[in-house]
Colleague: 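Here it is: the structure, laid out below.
Throughout, a chain's letter reflects where its sequence line sits, starting with A, and its residues are numbered from 1.
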Amino acid sequence: MLVLAGAGSGKTRVLTARIARLMEDGLPPYRILAVTFTNKAADVMRHRIAGLVGHEPDGLWAGTFHSVCARILRIEADRTDRTRGFTIYDESDSQRAVKRAMEDVDVDPRRWSAKGVRARISDAKNAMVRPEEFAAAAFDPLSRVTGTVYPAYERLLARCNAYDFDDLLLRAVRLLEEDDEVREHYGGRFAHVLVDEYQDTNHAQYRLVRAWASVHGNVCVVGDDDQSIYGWRGADLRNILDFERDFPGTAVVRLEQNYRSTGAILNVANAVIARNRARKEKRLRTERSHGARVVVAALRDERAEASWTVRQVESHRDRYTLGEVGVLYRTNAQSRAYEDALRGVGMPYRVVGGIRFYERREVKDVLAYLQLLVNPADDTAFFRAIGWPRRGVGAVTLERLETARSRSDGSLLDVAAAARQVEGLPAGAARALALFAKDIGALADLVPVASSAEVAEECVRTFGLRSALEAEEDGEDRLANVDELIAGMVAFAADRRGVEEESAGSELGLFLQHVSLLSDIDQYDPEEGAVSLMTLHNAKGMEFPVVFIGGAEEGLLPLGRSAETIEELEEERRLFYVGLTRAMDHLHVTHVSRRFRAGTSMPCFPSSFLDDLPDEAIDRRMSGSPGWRSGGSRFTAHGTSHESRSAWAGSSDRDRSFDWRYDPAATRDDGPVYDYSDSQETFELACGTRIVHPRFGPGTVLSIMGDGRTAKASIEFDLEGPKTLLVAHAGLRPAG
DNA sequence: TTTCGAACAGTTTTT
DNA sequence: CTGTTCGAAA
């Protein structure tokens, strides 16, 4: 069954109800496999099924493609060349490994970036191209280089007993396709396979679905070609477009009724997505009323954008909680301005994405030690752990260690244990290496008999990690993160109590594999009373009563580097569409005329996507920073509807004072509708006035110099001390 | 030979 | 903000 389900039409509900129905008809849950896009979605689904059938769906396989594959590879470890304690390398681990592989085959890492080579290898793996096939088809220089690095990288991963993200899919497919017993086992076991967000599957994932369904053929996928936003990760829209051909006898169901958004929001979203050529024609409809028009606001810069957004959130607060507000943007870097503004007024918020918890330096450092206990072959973890805290082992020693290893064929840890026998190592370094290996060995003995948290505590103690962190600059925060990591282990163990794990790895090993596959969105708690900040990608599958989309500018949304071809531009448009359709009641889209990017302030122009918004459904606002004088009179806007975009091409910093009156609708015939209802309230700035600054927080005005746009104010901030600011740019608000 | 500070690079989206 | 690189000091 193929369910073509538009945004907000109840995709997930369909899957959940189908699983519940299967269970009610007597199918045991362990015979059902549900693949979701995030681990969180799997949890939510489990919970909802429990609500429908009255009990937990024990034994149901639900998770992401990656976590399901990791589980299969763990259970079937004996049939692979890795043990069940394998490490899962994230992108940075993988990049380090690629770099070492490049050194192994004498490719100059200055001339070729490990990052670029890794990306090529990743593409190849997702397309299921083997190293030898890749090398045979490589013609351009980067591909040739990649062709030589790829096999070396594969050898390195095997030696480290590690998989990268792509391997999890790839190796699971190989296992299923090439081992008849395995395929028949899983094919026979899974009477029903259900897949969410099918439009974002890549070739390897498609092959997985085919293999899982090889016995019963009961596949149910839901997806929406208009929400395909992972093309850059190898997602192939053909998977959904060719579904009927790949699975003969498919029933196709179309869901075009949207239960989420108001009429106005849906009008806008429909108009935007209609511009795409490569799509299945459909038109979402809603029975909800037209509702408030979609607000499109032009602001001066990202700070004005952020403070405008915060003020809008304030104005919604009587009817919505902060948890019902979502602020979405294209790039993680954009969160900064919003965070500053939110912190400035003390409004709770949470950022999803960016640097993930498990990617923090100190967390990765501790994880490297733990990884080594479970998987002593993991050289990447060895390098990381041996390098911190400093123990008198440097680059030269490590190089010699590697040379020594290439003559034996154990792991670096094995060689380190016998460091005293290695020629040419300084006595101090050899002693440190041997001690390190001995301590790791002793802790590893603890793994089978102690809980993972106990092992971690012991590890932190043995290697003096706590004191090493305490000695660091912001050691307190880092220490807190390590404590949180250990707390996470306790919670993980408690969660699993009573769950029978067929793959029976160590608790620590399972934890490590589990966190390697966690995304930030998995930790997201919608109940929290805080504004949510996240990228448009992370927002997929979510909904918010009140939504803000920032940075609707040409070059940012669509993002310049991503929109070089028509296909890429259409993917950017789908991304915008995904953002628009997250909104239930109120939707706001903002764009600015100047933005700090890549270190400099750059002039910005409204996104071409905005041209497609139907006038009757939107409410244009220009709420630049009118600024104020010490006397209190307000600036008046002079929107010039004849200024064209090209006139702005040559704008320099000197034009800045005019930015606020830049007319975003200048090229439109009907001209803009000015609305200053949301502009900053005018208020008297006088000595002693209590104010709040978006960045520096509350403060008291000491003195005012000059007036008009050049007026400056000296302000004593409660936290940051005295500062002199340009009033027109400061974005001050009255306190309280 | 190691360690450390300074300077510098890179920053699209993610499992 | 992190990781890398380079030179200098230990």
Colleague: Which part of the nucleic acid does A:Arg574 contact within heavy-atom distance under 4.0 Å: base, sugar-phosphate only, or nothing?
Modeller: nothing
Colleague: When you measure from the side chain of A:Thr397, which nucleotide among B:dT12, B:dT14, B:dT2 comes out closest?
Modeller: B:dT2
Colleague: Hey, is CZ on A:Arg431 packed in by over 12 heavy atoms from elsewhere, all under 6.0 Å?
Modeller: no
Colleague: Roughly how many Å is it from NE2 in A:His537 to C1' in B:dT13, rounded to a whole number?
Modeller: 4 Å
Colleague: Just checking A:Asp166: base, sugar-phosphate only, or nothing, at a heavy-atom cut-off of under 4.0 Å?
Modeller: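 If one applies the 4.0 Å heavy-atom cut-off, A:Asp166 turns out to touch nothing in the nucleic acid.
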Colleague: Return the 5'-most residue of the pair A:Ser516, A:Lys115 with respect to DNA chain B, ranking by each residue's nearest nucleotide.
Modeller: A:Lys115
Colleague: Do you know which of A:Tyr329, A:Phe37, A:Trp232 makes ring pair (Phe, Tyr, Trp, His ring centres under 6.0 Å) with A:His537?
Modeller: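 It is A:Trp232; the other options fail the test.
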Colleague: Taking only the side-chain heavy atoms of A:Glu91 (C-beta and beyond), determine which of B:dT15, B:dT2, C:dG3 contains the nearest atom.
Modeller: B:dT15
Colleague: Nearest-Å distance, CZ (A:Arg118) to C1' (B:dT12)?
Modeller: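 These atoms are roughly 14 Å apart.
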Colleague: Whether A:Arg400 contacts B:dT1 is assessed here as follows: a side-chain N or O lying under 4.0 Å from the phosphate OP1 or OP2. Is that the case?
Modeller: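 So the side chain of A:Arg400 is within the cut-off, an N or O lying under 4.0 Å from OP1 or OP2 of B:dT1.
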Colleague: Does OP1 or OP2 of B:dT12 have a side-chain N or O of A:Asn332 closer than 4.0 Å?
Modeller: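 No, because none of the side-chain N or O atoms of A:Asn332 sits under 4.0 Å from OP1 or OP2 of B:dT12.
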Colleague: Between B:dT12 atom P and A:Arg336 atom CZ, what is the distance in whole Å?
Modeller: 17 Å
Colleague: Kindly indicate whether a cation-pi arrangement holds for A:Arg207 with A:Trp212, taking the cut-offs as under 6.0 Å to the six-membered ring centre and within 45° of the axis.
Modeller: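 Output no; distance or angle outside limits.
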Colleague: Is it the case that atom CZ in A:Arg275 sees more than 12 heavy atoms from other parts of the structure closer than 6.0 Å?
Modeller: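 Open: at most 12 neighbouring heavy atoms sit under 6.0 Å from CZ of A:Arg275.
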Colleague: Counting heavy atoms from C-beta on, name the nucleotide in B:dT1, B:dT13, C:dG3 closest to the side chain of A:Pro426.
Modeller: B:dT1
Colleague: Tell me: CZ of A:Arg478 to P of C:dC1, nearest whole Å?
Modeller: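 To the nearest whole Å, that distance equals 9 Å.
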Colleague: Just to be sure I understand the rule, does A:Arg233 reach a base, reach only the sugar-phosphate, or reach nothing, if contact means heavy atoms closer than 4.0 Å?
Modeller: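 Base, at least one base heavy atom under 4.0 Å.
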Colleague: Side chain of A:Tyr230 only, please: which of B:dT1, C:dT2, B:dT14 is the nearest?
Modeller: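 Of the options given, the side chain of A:Tyr230 lies nearest B:dT14.
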Colleague: Identify which nucleotide among B:dT15, C:dT5, B:dT14 has an atom closest to any side-chain atom of A:Trp232, counting heavy atoms from C-beta outward.
Modeller: B:dT14
Colleague: Using the side-chain heavy atoms of A:His66, tell me which of these nucleotides is nearest: B:dT15, C:dG3, B:dT14.
Modeller: B:dT15
Colleague: Any ion pair linking A:Arg336 and A:Glu339 (charged N to carboxylate O, less than 4.0 Å)?
Modeller: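 No, no charged N to carboxylate O under 4.0 Å.
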Colleague: With a 3.5 Å distance limit and no angle check, can you tell me whether A:Thr201 reaches the backbone of A:Glu197 through a side-chain donor-acceptor pair?
Modeller: no
Colleague: If you compare every side-chain N and O of A:Thr535 against the phosphate oxygens of B:dT14 (OP1, OP2), does one of them come in below 4.0 Å?
Modeller: yes
Colleague: Reckon A:Arg390 touches a base, only the sugar-phosphate, or nothing at all at heavy-atom distances under 4.0 Å?
Modeller: sugar-phosphate
Colleague: Between A:Phe65 and A:Gly392, just flag the one whose closest nucleotide in DNA chain B comes earlier from the 5' side.
Modeller: A:Gly392
Colleague: So A:Ala395, base contact, sugar-phosphate only, or nothing? Heavy-atom distance under 4.0 Å.
Modeller: sugar-phosphate
Colleague: Any carboxylate oxygen within less than 4.0 angstrom of a Lys/Arg side-chain nitrogen, looking at A:Arg466 and A:Asp483?
Modeller: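 So A:Arg466 pairs with A:Asp483 through a salt bridge.
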Colleague: Please state the C1' separation for the pair C:dT4 and B:dT12 - nearest whole angstrom.
Modeller: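 Roughly 22 Å separates the two C1' atoms.
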Colleague: For the pair made of CD1 in A:Ile229 and P in B:dT12, what is the distance, rounded to whole Å?
Modeller: 17 Å
Colleague: What's the CD-C1' distance between A:Gln95 and B:dT11, to the nearest Å?
Modeller: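 A:Gln95 atom CD is separated from B:dT11 atom C1' by 13 Å.
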Colleague: Whole angstroms only, please: what is the CH2-P distance between A:Trp388 and C:dT2?
Modeller: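 The answer, rounded to whole Å, is 14 Å.
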Colleague: Among B:dT14, C:dT4, B:dT12, which is the nearest nucleotide to the side chain of A:Lys99?
Modeller: C:dT4
Colleague: A:Arg330 side chain: which of B:dT13, B:dT15, B:dT1 is closest?
Modeller: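 Nearest listed nucleotide: B:dT13.
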Colleague: In whole angstrom, what separates A:Glu571's CD from B:dT13's C1'?
Modeller: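 That distance rounds to 9 Å.
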